[in-house]
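A short worksheet on the structure shown next.
Chain letters run A, B, ... following the sequence lines, proteins first and then strands; every chain starts at 1. Computation of the quantities below employed the complete heavy-atom set of this structure, encompassing side-chain atoms and omitting hydrogens, waters and symmetry-equivalent molecules.
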Amino acid sequence: MSSSVASRHITVAVAGNPNCGKTTVFNGLTGGRQQIGNWPGVTVEKKEGRFSGSPVARILAVPFSGLEEEPTSTVHTGDVWDRSTPRAHVEFRVVDLPGIYSLSATSEDEIVARDYLVGDEPDLIVDVIDASNIERNLYLTMQLAELGLPIVAVMTMTDIAEKKSIHIDLERLRDELGIPIIAINALDRGDVERLKADLIDTAHHGLDAIGRLAPPSYPSAIESAVERVAGTFSDPHAARRRWKAIRVLEGDTALADAQTIDTVVTPAVRDAEAALGEEIDIVFADSRYQIIQKITAGCVRRGSVRESITERIDRLVIHRVFGFPVFLAAMFLVFWFTISVGGAFIDFFDILGGGVFVDGFAMLLDRLGSPDWLTVVLADGMGGGLQTVATFVPVIFSMFFALAVLEDSGYMARAAFVMDRLMRIIGLPGKSFVPMLLGFGCTIPAVMATKTLESRRDRLMTIFMTPLMSCGARLPVYALIATAIFGSTAGVVVFSIYLIGILLAVVTGLIMKRTLFAGATSHFVLELPPYHAPRIGQILGASWRRLLAFLQRAGTTIVIMVGILGFINAIIITEDGIRFGGDSSQSALAYAGRAITPIFAPMGIEPDNWPASVAIFAGLFAKEAAVGTLNSIYLQEIGGHATAQPGGGDDSSVVGSRFAFGEILSRSVSTIPEGLAAAVGLDGDGTRRSEEARTFAVMRERFSRAGAYAFLLFVLVYFPCISALGVVIREIGPGYGWLLAAYLTISAWALSTIVFQVFGPGEIVWIGVAVGILLLEYIGLKRIGAVNDGTLRES
Amino acid sequence: MRISDLQPGERARVSGYDTSSAAYRSKLLAMGLTRGVELRLCRVAPLGDPVEIELRGFRLTLRKDEAAVLRLTPVNE
């Protein structure tokens with residue numbers, strides 16, 4: 001590139017309906033040069049990418065003259081720029097707006113798009129139009145036109161339109177709209193390259209040279225209302241004043257201050273509605289669709305339609321009888337893929353992560369002469385955190401992959417259709433079922449899967465319920481204690497815990513609907529897009545990007561939290577003083593666990609059963625860590641060989657048990673469908689069995705039956721493991737995240753206390769206290785809900 | 001006439017809206033459920049709700065009670 005030529009920077013916003021092929025266009029334009037983040041303040045994914053180039057002399061000289069004109073030997077219109085002038089290098093920054101049907105700002109996606117268009121002012125809008133759905137797609141185009149920004153239309157899905165017997169005369173449409181329009185197959189490299197070249201040429205000529213789409217004109221009553229409201233804005237651009245006025249009149253009151261709304265907008269709406277005899281927003285929409293009809297009348301021809309493949313598939317897939325079995329089969333496949341296929345790689349990542357981040361790192365630090373305490377902080381703390389994050393990689397990736405297949409193929413919308421009625425009982429849309437089901441595997445992918453839900457309120461509700469879907473890591477805890485205490489009925493006990501979990505999730509949903517998330521209800525307006533074969537490249541790309549986002553965002557939080565907890569666990573308190581690294585049953589964490597044992601007394605953990613409360617603390621890392629802790633402490637107690645070894649990086653029970661995480665998770669979860677009872681019978685080798693028999697004996701001494709059941713219930717409900725909490729906090733913010741942790745822990749204590757007291761000693765005082773705490777919790781949630789109401793009201 | 005009065009396969013035309021939540025109405029309007037547009041009820045979900053309709057060449061699902069704000073007139077075939 002000649003350095004004497006200044007390069008130009010152009011910001012392009014890619015806008016379009018959901019399912020219109022917008023992502024494919026965006027990916028085609030930007031290739032691997034993408035950045036994924038979040039739009040400020042919300043969890044809506046923000047994608048940005050770049051491409052650049054210089055205009056090259058092409059046979060087709062006029063950009064956007066259409067692909068249908070293949071270069072032939074006929075005379076061309078000639079080069080439209082002077083070949084002797086240097087051609088500037090053009091840098092494009094491409095921002096992918098969320099897929100939206102309109103700019104009416106009734107959903108998070110629409111608000112994001114509206115804010116971007118009104119605030120950041122892109123230089124150019126690329127409006128992606130689905131040819132098979134042209135009328136509805138042009139509705140957004142009409143609203144974009146009102147902004148007064150240069151627009152280039154990219155028409156996709158022409159092949160699907162052909163199949164639906166929709167024939168579009170592109171030349172005439174271009175004339176009618178008055179803006180550049182190009183039809184492309186977004187998966188075709190050649191088409192995408194031509195689009196790029198057209199954009200570069202357009203930028204080279206100056207964006208002002210692009211024709212503007214005439215903004216729709218409205219009935220005179222509306223026009224005068226628009227004028228009245230537009231007069232209150234101080235924006236220098238007349239088009240944008242008008243655009244804002246229209247948005248406000250259509251009900252997007254956030255764009256004007258309260259005083260303007262009261263003194264200008266409300267009377268203007270009243271006058272207009274009096275003149276029209278109808279609500280103003282209906283007339284706006286009517287006018288736009290009428291203009292669209294006028295535009296399409298001359299250039300869109302519809303032939304007779306044969307029954308589509310989509311209709312034939314749907315006749316089975318969302319059939320009144322077969323709909324549910326098909327849905328359950330699809331869910332089973334997602335679950336199986338995530339847990340079994342993804343789970344098969346956990347050990348690999350775990351051992352690799354442990355070797356590199358913990359042992360390798362510790363060795364390196366030793367070589368560098370780092371003092372013991374620093375090695376512990378860095379290797380066991382931070383390194384351990386990195387190792388934990390590594391173990392989530394395969395599961396998260398396979399979960400995103402499976403969900404992307406469902407989304408890309410078009411089945412996800414059908415799942416929502418089939419499940420909506422059932423989920424509505426707890427006030428959630430049908431799609432919420434998917435993350436909840438994943439919760440039986442692991443809470444972390446479940447929380448990440450809530451990304452597929454549109455409304456923030458639904459996402460929050462679902463995230464509050466998923467931790468109660470008993471994750472695979474909790475099963476070993478149930479299995480150990482139930483087998484020790486309940487013997488042959490252990491299977492029934494474990495199964496009942498799972499059922500109670502589901503029941504508590506439903507109850508949580510009902511409670512949250514009335515307290516924390518009252519007020520906002522979400523409406524159900526969902527398009528059922530045509531099916532198409534999943535595009536593997538796109539699915540892999542989407543899963544990979546979401547995985548990276550997980551690592552960047554949740555990963556950091558997990559590393560910090562595991563690091564802090566790991567550090568506390570590595571501080572060993574003995575009679576001789578304090579040192580770092582060693583027997584974790586004497587760590588500061590265990591010490592704290594012992595100290596707070598009295599708190600658990602009402603739920604049946606007597607002071608001499610302090611190992612149980614230490615296990616509760618260890619479970620903060622990962623719930624199954626509670627098992628390792630219980631085993632090792634009980635064994636030490638009875639004079640067996642302590643399993644905890646001194647020194648080095650593998651000193652703590654936590655690291656040791658995390659080693660088994662993959663095995664435990666995949667083994668335990670894959671057995672769920674085969675029946676929980678079978679899973680409970682899992683046994684180790686002979687020596688382990690004899691050790692087990694001895695720990696069982698100790699446990700039977702320490703736990704009463706009521707106490708053991710209360711303990712299991714507590715493990716089910718209390719504080720999600722810190723990794724899960726880290727993800728929750730990244731998704732819904734620290735406020736709601738810690739509120740959830742508090743809600744779960746307090747409820748766990750109260751419920752366990754009630755169960756223990758009712759089936760055990762029966763002290764009325766404690767039952768009263770527990771019930772009182774639950775009531776206080778309900779009132780507290782209601783208060784917080786009332787305060788936060790405004791922030792959630794969106795639809 | 002309302003959406004819930006339609007049988008699968010039957011067609012109707014949108015004649016107007018009852019007083020309703022502005023946010024919900026704006027979604028329906030953006031989807032092209034404007035006056036005079038013709039729709040067809042394709043099918044009903046396994047539990048009787050929601051319903052799937054076809055209009056302007058695409059498929060949409062709505063809940064019966066929410067979509068009751070739509071006033072419809074039958075189309076004679």
Side-chain angles (χ1 to χ4, degrees), chain A residues 100-107 130 132-136 139-140 143 161 164 166 250-252 278-279 281-282 284-286 288-290 292 302 305 310-311 314-315 318-324 327 413-414 416-422 424 430 521 523-530 794-795, chain B residues 2-4 6-9 11 13-73 77:
Chain A
I100 46 173
Y101 296 105
S102 80
L103 289 171
S104 53
T106 57
S107 73
D130 170 2
S132 68
N133 245 326
I134 186 159
E135 289 177 25
R136 200 199 58 215
Y139 187 82
L140 180 65
Q143 291 192 326
K164 284 170 85 177
I166 300 170
E250 278 196 271
D252 187 1
E278 204 157 13
E279 268 107 339
D281 54 334
I282 296 180
F284 267 117
D286 267 354
R288 290 193 194 113
Y289 268 107
Q290 269 166 29
I292 291 167
R302 286 171 197 276
V305 197
T310 292
E311 174 55 29
D314 269 346
R315 219 185 289 144
I318 51 180
H319 183 268
R320 283 206 76 156
V321 177
F322 304 127
F324 272 119
F327 170 76
R414 272 78 184 177
F417 176 72
V418 170
M419 286 305 289
D420 188 71
R421 185 69 199 85
L422 203 62
R424 237 186 130 188
T521 51
H523 295 291
F524 188 63
V525 180
L526 184 69
E527 187 187 358
L528 296 181
E794 60 184 350
S795 54
Chain B
R2 309 283 150 171
I3 282 221
S4 51
L6 290 175
Q7 292 298 315
R11 291 165 189 280
R13 226 175 257 289
V14 175
S15 58
Y17 280 80
D18 284 349
T19 322
S20 49
S21 134
Y24 183 59
R25 195 168 58 211
S26 107
K27 280 186 186 172
L28 297 187
L29 288 169
M31 288 294 191
L33 282 160
T34 52
R35 244 174 328 173
V37 77
E38 190 181 295
L39 59 87
R40 183 174 72 88
L41 189 86
C42 305
R43 62 168 60 78
V44 176
L47 291 174
D49 197 31
V51 297
E52 179 187 354
I53 60 168
E54 185 177 54
L55 77 152
R56 297 183 190 270
F58 69 96
R59 304 284 179 96
L60 194 63
T61 116
L62 302 171
R63 291 173 185 147
K64 281 179 184 171
D65 58 343
E66 290 173 359
V69 300
L70 276 174
R71 286 199 299 266
L72 304 176
T73 50
E77 292 190 51

Please classify the contact of [X] with chain B as side chain, backbone, both or neither, using a heavy-atom distance under 4.5 Å.
X	result
A:Phe524	both
A:Arg288	neither
A:Asn133	side chain
A:Glu311	both
A:Ile134	neither

Can you tell which part of [X] gets under 4.5 Å to a heavy atom of chain A, answering side chain, backbone, both or neither?
X	answer
B:Leu28	side chain
B:Glu52	both
B:Val51	backbone

With a 4.5 Å cut-off on heavy-atom pairs, point out which of [options] contacts chain B the most.
options	value
A:Leu422, A:Leu140, A:Asp314	A:Asp314
A:Lys164, A:Glu135, A:Arg424, A:Arg421	A:Arg424
A:Arg302, A:Glu278, A:His319	A:Glu278

Practice task
Flag this pair as yes if the NZ/CZ of B:Arg43 is under 6.0 angstrom from the six-membered ring centre of A:Phe417 and inside a 45 degree cone about the axis; otherwise no.
Solution key: no

Exercise for the section: For each of B:Ser26, B:Gly57, B:Pro50, tally heavy-atom pairs with chain A at distances under 4.5 Å, and name the one with the top tally. Expected result: B:Pro50

Practice task
Just give me the residue among B:Ala45, B:Gly36, B:Gly48, B:Ala22 that pairs up with chain A most often, heavy atom to heavy atom, under 4.5 Å.
Solution key: B:Ala45

Problem - Student check: side-chain heavy atoms of A:Glu279 and B:Leu29 closer than 4.5 Å - result: no

Practice task
Salt-bridge test for A:Glu250 and B:Arg25: reply yes if a basic N is under 4.0 Å from a carboxylate O, no otherwise.
Solution key: no

Drop me the distance from [X]'s [atom1] to [Y]'s [atom2], to the nearest 0.5 angstrom.
X	Y	atom1	atom2	result
A:Leu526	B:Arg63	CG	CZ	10.0 Å
A:Tyr289	B:Met31	OH	CE	8.5 Å
A:Leu528	B:Ile53	CG	CD1	10.0 Å

Exercise for the section: Apply the test side-chain contact (heavy atoms from CB on, under 4.5 Å) to residues A:Val525 and B:Leu62: give CA-CA distance (whole Å), side-chain angles for both, the deciding distance (0.1 Å), then the verdict. Expected result: CA-CA 5 Å; A:Val525 180; B:Leu62 302 171; 4.0 Å; yes

Practice task
Would you please name every residue forming a salt bridge (charged side-chain N to carboxylate O under 4.0 Å, His left out) with A:Arg136, sequence neighbours left out?
Solution key: A:Glu527

Exercise for the section: Please identify each residue that fulfils salt bridge (charged side-chain N to carboxylate O under 4.0 Å, His left out) with B:Glu38, with sequence neighbours left out. Expected result: B:Arg11, B:Arg13

Problem - Evaluation steps, side-chain contact (heavy atoms from CB on, under 4.5 Å), between A:Thr310 and B:Arg59 - result: CA-CA 10 Å; A:Thr310 292; B:Arg59 304 284 179 96; 5.7 Å; no

